[in-house]
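Here the structure is laid out as structure tokens; the discussion comes afterwards.
Hydrogens, waters and symmetry mates play no part in the numbers below; they use all other heavy atoms, side chains included. Positions are given from 1 along the sequence.
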Amino acid sequence: MEPTPLLIVDAANVVGSRPDGWWRDRAGATARLRDALVPLADSGVPPQLAGPAEVVLVVEGAARGVPAVPGVRVVAAPGSGDDTIVGLVGAAPGRRRLVVTADRELRSRVGALGAEVHGPRWLPT
């Protein structure tokens with residue numbers, strides 16, 4: 001089993017859960033989320049997830065151009081962000097996988113693959 005946990009964040013869902021005007025600048029809101037996730041690569045999300053962790057931010061739509069930064073890998077979904085997240089979870093069966101989303105259908109799909117699921121408020125951002 002890969003020792004480094006995989007933390008996958010559903011950018012559209014997490015950004016959309018915060019009433020901070022994200023709809024005026026989706027890419028900017030996604031970049032702010034990405035930047036807030038950087039410390040989690042080292043610290044994790046105590047107490048449930050000890051660091052270090054591989055942090056992956058899945059983006060779609062207007063946020064597809066948001067680049068990766070050290071500590072956060074950005075994956076641009078070619079189609080559905082949910083399908084991309086399910087693909088990432090399915091491609092890492094030997095790892096602890098945590099998905100951050102409030103999307104009920106996505107929670108069910110990744111949970112069926114053995115991933116742990118947390119809502120957007122779980123993130124310390």
Side-chain angles (χ1 to χ4, degrees):
M1 182 173 228
E2 166 71 38
T4 304
L6 179 61
L7 175 62
I8 302 169
V9 180
D10 179 353
N13 190 268
V14 172
V15 165
S17 73
R18 299 170 180 182
D20 62 359
W22 60 265
W23 50 90
R24 290 188 293 268
D25 181 11
R26 290 174 195 236
T30 301
R32 288 189 298 279
L33 171 61
R34 178 206 57 205
D35 294 347
L37 295 173
V38 168
L40 304 185
D42 290 326
S43 69
V45 183
Q48 295 96 341
L49 175 62
E54 179 183 355
V55 180
V56 178
L57 182 65
V58 176
V59 299
E60 59 187 302
R64 274 197 187 101
V66 172
V69 295
V72 179
R73 179 167 55 116
V74 176
V75 174
S80 160
D82 291 2
D83 290 345
T84 299
I85 291 168
V86 170
L88 289 167
V89 168
R95 297 177 80 171
R96 181 176 180 204
R97 299 149 302 164
L98 300 93
V99 175
V100 179
T101 187
D103 182 299
R104 287 183 188 175
E105 181 182 339
L106 178 57
R107 292 171 72 94
S108 176
R109 291 174 67 192
V110 297
L113 295 173
E116 300 170 41
V117 184
H118 297 278
R121 290 188 209 153
W122 180 74
L123 291 173
T125 59

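- In this structure, Glu105 has no side-chain hydrogen bond (donor to acceptor under 3.5 Å, both in side chains) partners at least two apart in sequence or on a different chain.
- Sorted by first and then second residue, the ring-ring contact (aromatic ring centres under 6.0 Å, His included) pairs involving residues 65-113 (not counting sequence neighbours) form an empty list.
- The distance from the CG atom of Leu7 to the CD atom of Glu54 is 9.5 Å, given to the nearest 0.5 Å.
- Each salt bridge (Lys or Arg N to Asp or Glu O under 4.0 Å) pair with one or both residues in residues 76-94, not counting sequence neighbours, appears once here: Asp83-Arg109.
- Counting only heavy atoms from C-beta outward, the side chains of Ile85 and Val99 approach each other to under 4.5 Å.
- Taking the side chain as every heavy atom from C-beta outward, Pro120 and Thr101 never approach each other to under 4.5 Å.
- Taken together through direct or relayed side-chain contacts under 4.5 Å among Ile, Leu, Val, Met, Phe, Trp and Tyr, Val72 and Leu123 form part of one hydrophobic cluster.
- Arg107 meets the side-chain hydrogen bond (donor to acceptor under 3.5 Å, both in side chains) test with no other residue; sequence neighbours excluded.
- Residues Leu6 and Leu98 do not share a hydrophobic cluster, defined by chaining ILVMFWY side chains whose heavy atoms lie under 4.5 Å apart.
- Evaluation of the side-chain hydrogen bond (donor to acceptor under 3.5 Å, both in side chains) rule for Glu60 yields no partner, not counting sequence neighbours.
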| task | Would you sort out whether Val59 and Leu57 count as a side chain to side chain contact (heavy atoms under 4.5 Å, CB included), showing the intermediate values? | result | CA-CA 6 Å; Val59 299; Leu57 182 65; 4.1 Å; yes
| request: Starting from the C-alpha separation in whole Å, work towards a yes-or-no answer on side chain to side chain contact (heavy atoms under 4.5 Å, CB included) for Val58 and Val9. | output: CA-CA 6 Å; Val58 176; Val9 180; over 6 Å; no
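- Taking 4.0 Å as the cut-off between side-chain N and carboxylate O, Glu116 and Arg97 do not count as a salt-bridged pair.
- Going from atom CG of Leu40 over to atom CG of Leu49 covers 8.0 Å, rounded to the nearest 0.5 Å.
- For Arg64, the salt bridge (Lys or Arg N to Asp or Glu O under 4.0 Å) test picks out no residue, with sequence neighbours left out.
- Of all non-hydrogen atoms in Pro5 and Pro52, the two that sit nearest each other are CD-O, 3.4 Å.
- Nearest heavy atom pair, residue Ala29 against residue Val15, reads CB-CG1, 3.7 Å.
- A donor-acceptor contact shorter than 3.5 Å links the side chain of Thr84 to the backbone of Ser80.
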